[in-house]
Amino acid sequence: MKNPFVSEIAAQVAPLTGLSPAEIEYALTVPPDAALGDYAFPCFLPAKTLRRKPADIAADLAAKFQPGALVTAARAEGPYANFFADRPAFARWILSRARAEGDRFGGSDEGVGKTVIVEFSSPNIAKHLGVHHIRSTMIGNALVKIYGALGYKVVSINFLGDWGTQFGILMAAFRKWGDATTLEGDAVSNLNALYVRYNAAAKEDPALRDEGRAWFKRLEDGDSEAVALWQQFRQISLAEFEKVYELLGVRFDVLSGESQYDRHMPQTIERLEKAGLARLDQGALIVDLSAQKMPPVLLRKSDGATLYDTRDVAAAEDRWNTYRFARMIYVVGGEQQLHFRQIFTVLGLMGYPWSKDCFHVHFGILRLGGEKMSGRQGKVVMLRDVLREAVERALKAVTEKNPALPNKEEIAAAVGIGAVVFNDLKRGRIKDVDFDWDAVLSFEGETGPYVQYAHARMCSILRKHGLPVADAPDWTLLREPEEFALLKALSVFNAAIRRAADANEPSVISQYLLDLCGRFSTYYHKHKVLGEDPALTAARIALVDAVRQTVANGLALLGMKAPEEM
RNA sequence: GCGCCCGUAGCUCAGUUGGAUAGAGCGGCGGUUUCCUAAACCGCAGGCCACAGGUUCAAAUCCUGUCGGGCGUGCCA
């Protein structure tokens, strides 16, 4: 979003410093205290080429500055040249913009014509979604919305872990102990119990692992019994996943999975061989990456079955052929960093220039009581249980605080799930987190409900006001410093979205919302919006409506609901 | 051993490409409700930004090393 105030400063400063306007805009900062000014140019940069002291340059810039309608004054403060924006003009600019753009405010069209692929969630079938799945699922979902807001065409892909030796193990376990009742009721739990039991037994009897591998080989070879079993497991799992995605409000454009690429294996391996990359080693087919100082990639095991590396290469090729993406993002845990570095390297060696447009967006581990969650050992907290508990607590809170609300269940769902989602998205995705029920279910402080509450309060004010929001109230009436702080915060929403996309980091949005809502909370405690003076009220209502719109847009980017009452 | 990631207040974390006095929340202490929903707000206490060097006019931020923690490291994904 082009900021005319910044442009004006850059246009005036550039000729005096020998820097280009773009360089000035880039270098402009915000003073630590609003009393110092609204924008600041640190004069260290041109000091060397101009061979003058930064403080002298600052004084010179301030003296030569021509006040205008947008930027009214410049003052030197040590090595900084500080600039003051005309507040009514600033209010008119950002508020009418927010009003005109509505639910598109903050976005842009910089991505129009480009496609971004986001692969996320990607659970393994025959298991429940654990709390840890919320990480990939909601980070990915947020990235889909963030890129979408910037005009990109986004393709969201759920790439199921529905192929591999583990399903051989599951089949072996099912054949050993399972029956028709296993697939009834809470079938996923039943299957998982068998899987856990089998893995435990395999520790005593290694022959069981071989049996599992053999079953996977049968599946890959198209054995009808194996395929039928696998299809049942997959269907049962998908139905279970769908319930949770529904609660979270997550949808995928493409439901894919590793199984889909099994048939691509021969051609992909052939291309790798033709490129002179594949070679046999100890009976297995590998790509040697010692030149890149990485361990080799295993393409095919000595028993002939393929591995996920190979399937990921095939899937990447297929996606390029289908979408011609500008960027492809894999939202997968940090444990797989080596895997993706290897895959991207192999794609590069295969001669695909787009390998540089592939990104592994990794995130930290979610631990349970200090230990990593393990499906194999059955040590997981189920995501559905966390969500259910959060909604229950939210319902209790709504009932206590606002007993008259008619649609409490709906609001409790929005707030409870919002709490869980925001808790996951509020910190940098790289951080490891230890799962903490109290933190996840907290509705106070830096939480989702805090942001939603601020939004509900703004809606409440607008509701009470009852009149339409004025397009052009008297902007000069917005004189309070807290009002200008809000206006400035609104003016950087677009920058926050761009930063979130650049870094593939949804927490930029969460942090922005906490800051914005904090400013709003301070404001409405200190100043009354609905007052006796209709002109002042109209101006403040316009401000509140723009903040409300911005918070709603931000919550949508995180995949959260914005209830109007709570 | 090697590779990657992390180390900021008692706890959990912010801190745009290096820039003006390092900020929040929780917890602790003290306040605010005849006033637009107290899921909120205000104030106080609390920091050798792991440690040691280096680069720079300027380092929590960049480089090197040390220590501490995590993840990964050929037939799982």
Side-chain angles (χ1 to χ4, degrees), chain A residues 26-27 29 31-33 36 40 42 44-45 47-48 53-54 77-80 82 122 124 161 163-166 169 209 213 258 281-286 293-303 305 307-309 311-312 332-339 341 362 364-365 367 372 375-376 394 397-398 400-402 415 419 426-428 430-434 436 438-439 442-450 452-454 456-458 460-465 492 495-496 498-499 502-503 507-508 510-511 514-515 517-518 521-531 540 544 565-566:
Chain A
Y26 187 68
T29 61
D33 182 352
L36 289 169
F44 309 101
L45 286 94
K48 209 164 260 176
K53 286 187 186 151
E77 193 76 39
Y80 293 91
N82 293 330
S122 309
N124 290 334
W163 208 245
T165 310
Q166 51 181 324
I169 289 171
R209 285 206 78 80
R213 276 193 272 265
E258 294 182 46
D281 191 275
Q282 296 168 39
L285 192 67
I286 65 160
K293 295 186 177 154
M294 276 185 264
V297 169
L298 243 66
L299 297 172
R300 199 172 57 207
K301 300 194 284 185
S302 40
D303 69 358
L307 288 142
Y308 82 137
D309 300 80
R311 296 191 286 270
D312 264 353
V332 179
E335 309 91 284
Q336 298 197 33
Q337 276 189 87
L338 177 59
H339 165 67
R341 272 179 55 216
H362 57 269
I365 290 173
R367 288 193 178 74
K372 195 181 169 186
R376 209 173 286 184
V398 176
E400 263 170 37
K401 292 166 196 285
N402 212 338
V415 172
K426 76 174 170 190
R427 71 197 104 220
I430 285 316
K431 298 265 180 192
D432 288 349
V433 305
D434 205 342
D436 176 358
D438 289 337
S442 169
F443 298 160
E444 286 163 24
E446 295 175 328
T447 64
Y450 173 86
Q452 289 172 321
Y453 179 73
R457 292 299 299 268
M458 291 184 258
S460 168
I461 291 170
L462 291 162
R463 215 166 32 239
K464 280 221 155 117
H465 180 56
V492 296
R498 297 175 60 159
R499 253 192 302 143
D502 280 347
S507 70
V508 173
S510 338
Q511 294 296 329
L514 288 173
D515 176 73
C517 292
S521 298
T522 299
Y523 172 60
Y524 83 116
H525 271 91
K526 201 164 170 187
H527 305 288
K528 198 123 168 75
V529 176
L530 305 174
R540 289 185 170 175
V544 169
E565 290 178 274
M566 62 186 272

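Every chain is numbered from 1 and lettered A, B, ... according to where its sequence line falls, protein lines coming before strand lines. What you see is a predicted model; the values in this text were computed from it and never measured. Side chains included, hydrogens not; waters and symmetry mates left out as well; all remaining heavy atoms used.
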Next on the checklist: Does B:A39 have its OP1 or OP2 closer than 4.0 Å to a side-chain nitrogen or oxygen of A:Tyr453?
Outcome noted: yes

Item to check | Partner residues of A:His362 under the ring-ring contact (aromatic ring centres under 6.0 Å, His included) criterion, sequence neighbours left out | outcome: A:His360

Item to check | Listed nucleotide nearest any side-chain atom of A:Leu338, set B:A39, B:G72, B:G74 | outcome: B:G72

Item to check | Nearest-Å distance once atom P is located in both B:G3 and B:U21 | outcome: 39 Å

Checklist outcome for this item: Value for CD (A:Glu444) from OH (A:Tyr450), rounded to nearest 0.5 Å, stands at 12.0 Å

Checklist entry - Which nucleotide in the set B:C36, B:A77, B:U37 lies at the smallest distance from any side-chain heavy atom of A:Asn402? => result B:U37

Checklist outcome for this item: For RNA chain B, consecutive-pair runs of 3 or more (Watson-Crick or G-U wobble, both H-bond-type distances under 3.5 Å) give B:1-7 with B:67-73, B:10-13 with B:23-26, B:28-32 with B:40-44, B:50-54 with B:62-66

Checklist entry - What nucleic acid atoms does A:Gly78 come within less than 4.0 Å of, heavy atoms only: base, sugar-phosphate, or nothing? => result nothing

Checklist entry - With a non-hydrogen cut-off below 4.0 angstrom, is A:Val398 in contact with a base, only sugar-phosphate, or nothing? => result base

Next on the checklist: From C-beta outward on A:Arg427, which listed nucleotide comes closest to its side chain: B:U37, B:A14, B:A77?
Outcome noted: B:A14

Next on the checklist: Over all strands shown, is A:Gly428 touching base, sugar-phosphate only, or nothing at heavy-atom distances under 4.0 angstrom?
Outcome noted: sugar-phosphate

Checklist entry - Between B:A20, B:A39, B:C71, which nucleotide has the shortest distance from any of its atoms to the side chain of A:Asn82? => result B:A20

Checklist entry - Looking for any heavy atom pair under 4.0 Å, which part of the strands does A:Met566 touch: base, sugar-phosphate only, or nothing? => result base

Next on the checklist: So, does A:Arg213 get its side chain near the phosphate of B:C76, meaning an N or O under 4.0 Å from OP1 or OP2?
Outcome noted: yes

Checklist entry - How many Å lie between NE2 on A:His362 and P on B:C6, as a whole number? => result 7 Å

Checklist entry - Under 4.0 angstrom, heavy atoms only, what part of the nucleic acid is A:Ile430 near: base, sugar-phosphate, or nothing? => result sugar-phosphate

Checklist entry - With sugar-phosphate meaning primed atoms plus P, OP1 and OP2, does A:Glu258 contact a base, only sugar-phosphate, or nothing at under 4.0 Å between heavy atoms? => result sugar-phosphate

Item to check | Sugar-phosphate, base or nothing in reach of A:Pro31, heavy atoms under 4.0 Å | outcome: base

Item to check | Under-4.0 Å side-chain N/O to phosphate OP1/OP2 contact, A:Ser521 with B:A40 | outcome: no

Checklist entry - What is the nucleic acid contact for A:Lys431, judged by heavy atoms within less than 4.0 Å: base, sugar-phosphate only, or nothing? => result sugar-phosphate

Checklist entry - Nearest of B:C75, B:A38, B:C36 to any side-chain atom of A:Val529? => result B:C36

Checklist entry - Expressed in whole Å, how much space separates the P atoms belonging to B:C51 and B:C44? => result 27 Å

Checklist entry - Over how many whole Å does the gap from A:Leu36 atom CG to B:A20 atom P extend? => result 11 Å

Next on the checklist: Taking any heavy-atom pair under 4.0 Å as a contact, classify A:Arg311: base, sugar-phosphate, or nothing.
Outcome noted: sugar-phosphate

Checklist outcome for this item: Rounded to whole Å, the CZ-C1' distance (A:Arg499 to B:A14) equals 11 Å

Checklist entry - Would you say B:G70 has OP1 or OP2 under 4.0 Å from some side-chain N or O of A:Arg367? => result no

Item to check | Protein-nucleotide distance (A:Tyr450, atom OH; B:A39, atom P), rounded to Å | outcome: 12 Å

Next on the checklist: Nearest to the side chain of A:Gln511, heavy atoms from C-beta on, is which of B:A77, B:G70, B:C13?
Outcome noted: B:C13

Checklist entry - According to a strict under-4.0 Å criterion, is A:Lys464 in side-chain N/O contact with OP1 or OP2 of B:U37? => result yes

Checklist entry - What interatomic distance, in whole Å, is found between P of B:C49 and the corresponding atom of B:A60? => result 8 Å

Item to check | Donor-acceptor contact below 3.5 Å, side chain A:His525 vs main chain A:Ser521 | outcome: yes

Checklist entry - At under 4.0 Å between heavy atoms, what does A:Val415 touch on the DNA or RNA strands: base, sugar-phosphate, or nothing? => result base

Item to check | Nucleotide nearest A:Arg341 (side chain, heavy atoms from C-beta), chosen from B:A39, B:C71, B:C4 | outcome: B:C4

Checklist entry - So what does A:Leu307 hit on the nucleic acid, given a heavy-atom distance under 4.0 Å: a base, only sugar-phosphate, or nothing? => result sugar-phosphate

Item to check | Check: A:Gly518 main-chain N/O paired with A:Thr522 side-chain donor or acceptor under 3.5 Å | outcome: yes

Item to check | Nearest listed nucleotide, side chain of A:Pro32, among B:C36, B:G74, B:A20 | outcome: B:A20

Item to check | First of A:Glu335 and A:Ala40 reached from the 5' end of RNA chain B, by closest nucleotide | outcome: A:Ala40

Checklist entry - Side-chain N or O of A:Thr522 less than 4.0 angstrom from OP1 or OP2 on B:C42? => result yes

Checklist entry - Within the structure shown, what part of the strands sits under 4.0 Å from A:Lys528 by heavy-atom distance: base, sugar-phosphate, or nothing? => result base

Checklist entry - If only atom types and distance count, is the side chain of A:Asn402 paired as donor or acceptor with the main-chain N or O of A:Met566 below 3.5 Å? => result yes

Checklist entry - Do side-chain atoms of A:Asp432 reach the backbone of A:Ile365 as a donor and acceptor pair under 3.5 angstrom? => result yes

Item to check | Which residue lies more 5' along RNA chain B, comparing A:Gly334 with A:Leu45 via nearest heavy atoms | outcome: A:Leu45

Checklist outcome for this item: Taking B:G70, B:A77, B:U73 as options, the one with an atom nearest any side-chain atom of A:Pro295 is B:U73

Checklist entry - Which part of the nucleic acid, if any, lies within contact of A:Asp281, taking any heavy atom under 4.0 Å across all strands shown: a base, the sugar-phosphate backbone alone, or nothing? => result base

Checklist outcome for this item: When rounded to whole Å, the CE to P distance for the pair A:Met458 and B:U37 reads 13 Å

Checklist entry - Quick one: NZ on A:Lys426 to OG on A:Ser507, what's the gap to the nearest 0.5 Å? => result 11.5 Å

Next on the checklist: Does B:U37 have its OP1 or OP2 closer than 4.0 Å to a side-chain nitrogen or oxygen of A:Lys401?
Outcome noted: no

Item to check | Gap in Å between the two P atoms, one belonging to B:C71 and one to B:G18, rounded | outcome: 32 Å

Checklist entry - Using atom P of each nucleotide, how far apart are B:C63 and B:C6 to the nearest Å? => result 11 Å

Next on the checklist: Rounding to an integer number of Å, can you tell me how far A:His527 NE2 sits from B:C42 P?
Outcome noted: 12 Å

Checklist entry - In whole Å, what is the span from the NZ atom of A:Lys526 to the C1' atom of B:G43? => result 13 Å

Checklist entry - Which one, B:U37, B:C41, B:C75, comes nearest to the side chain of A:Ser460? => result B:U37

